[in-house]
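Here's the structure, in structure tokens; my notes come after.
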Amino acid sequence: MLPIDQIRADFPILGEKIRNQPLVYLDNAASCQKPQAVIDAIVHTYSHEYANIHRGVHTLSVRATEKFEAAREKARTFINAKSDKEIIFVRGATEAINLVAQSYGRSHLQTGDEIVISAMEHHANIVPWQMLCQQIGAVLKVAPMNQKGELLFDDFENLLNGNTKLVAITHMSNALGSINPVEDIIAAAHGKNIPVLLDGAQATPHTPVDVQRLDCDFYVFSGHKLYGPSGTGVLYGKQALLEAMPPYQGGGDMIRTVSFEKTTYAGLPHKFEAGTPAIAEIIGLGAAIDYVSGIGIENIAAHEADLLAYATEQALQIKGLNIIGQAEHKGGILSFTLDHIHPHDIGTMLDSLGIAIRAGHHCAMPVMDFYGVPATARASFALYNTRQEIDVLMQGIASLIEMFG
Ligand code: C6P
């Protein structure tokens, strides 16, 4: 059991009133709220320890650099990477996938090679590969799913062949909540010497991740979904792969020497971190990782599993509510539609009751096409949500159905 009152007190925004009602924040898959510890870390950095990093010999620059690099070590420990060199700070999962597509993809794939993704990907794990395919003449293959939103593993395996040069699959679907069998996916791909990228944008806040145990080749996540600041994220890559990849962007901090004739690049991880990064925000991400680790990701997962089970049980009793995504292994996401009520109306009406959910295609249009819906309403849970908030959501939905007849 999480000390939920204490946890909620850590998040100042949860005390807000929205439209004169207590805020019920259930849009955590889009971005979650920040604990005071993260806000304090950012304020403290700007108040006492701010300067550009890796550049100055003056005290503030040294302090900021130490804090920034300490955040890297926290991120390394959080996903159990072998080395700090394998932790590349980026703006988020989107930038991380684009980095791999443009750097690894352009240098390791060629015309006719195949990239395998799944039917439940977020646009961030579709579009960068389509762009790469257009650039080099590679081919994108899509592993199908069933009506419950579960990957059809045999079909996935059958897609792997001598031309497959990369598998890029979500660890947890943002539109459905499905958690993919990533160990089996990696074993199948590695059996054919195919590297695997996992999109962990949704999984990291809810599931323990150990990249060494998984043996994935790349793992990406966003800080803002992990109670950290927006504009932060991590690309994990196995050191040997990252060493063999060219830089993604050129500029300051990623070089060893520059002349007009020739530039040599810095070593890992700086080779992939051109320009001034989001210094205070990355330090804030370090504080977020401390916060999450202090509570324990297993405890968070258990709490959210309870919320999901409770919400699903309640939702199934509402006539006219259709749950989209009923995978056996699911994270804390309840995507649904209501007969005769557009998801945008659901979102707007719930907002008038102080309830924040997301309504739309969730940047997963192919998932919407698969289910034949333009959009869904999505409630997504975090460590600070409660069963009482789910009751408020369900009452809101019931009153909506009554109102629309
Ligand atoms: N999904 C959602 O409401 P960024 O925007 O780079 O932090 O994360 C992109 C991304 C990649 N993969 C998955 C599985 C995701 O869920 C997301 C972000 C948000 O579902 C915003 S669209």
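Numbering of ligands and ligand atoms starts at 1, following listing order.
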>> If the threshold is 4.0 Å, N to carboxylate O, is there a salt bridge linking E86 and R72?
In response: no
> Applying a 4.0 Å heavy-atom criterion (strictly less than), which segment of T94 is in contact with ligand 1: side chain, backbone, both, or neither?
Replying inline: both
> What about the rings of Y25 and F11, do their centers lie closer together than 6.0 Å?
Replying inline: no
> Out of N174, V90, N28, whose heavy atom sits nearest atom 20 (O) of ligand 1?
Replying inline: N174
> At under 4.0 Å between heavy atoms, which part of A29 makes contact with ligand 1: side chain, backbone, both or neither?
Replying inline: backbone
> Measuring from the heavy atoms of N125, does anything fall under 4.0 Å of ligand 1?
Replying inline: no
> Where the closest heavy atom to atom 19 (C) of ligand 1 is concerned, which of K225, H122, H224, H123 has it?
Replying inline: K225
> Going through the distances and angles, do Y236 and V220 end up as a side-chain contact (heavy atoms from CB on, under 4.5 Å)?
Replying inline: CA-CA 6 Å; Y236 159 81; V220 310; over 6 Å; no
> Hey, are D84 and R76 close enough for a salt bridge, meaning a charged N less than 4.0 Å from a carboxylate O?
Replying inline: yes
>> Heavy atoms only, cut-off 4.0 Å: how does R358 contact ligand 1, side chain, backbone, both, or neither?
In response: side chain
> Is there a donor in the side chain of E150 and an acceptor in the side chain of H329, or the other way round, less than 3.5 Å apart?
Replying inline: no
>> Quick check: T170 and ligand 1, any N/O pair under 3.5 Å apart?
In response: no
> For H362, is at least one N or O under 3.5 Å away from an N or O on ligand 1?
Replying inline: no
> With a 4.0 Å cut-off, would you call R213 and E183 a salt bridge?
Replying inline: yes
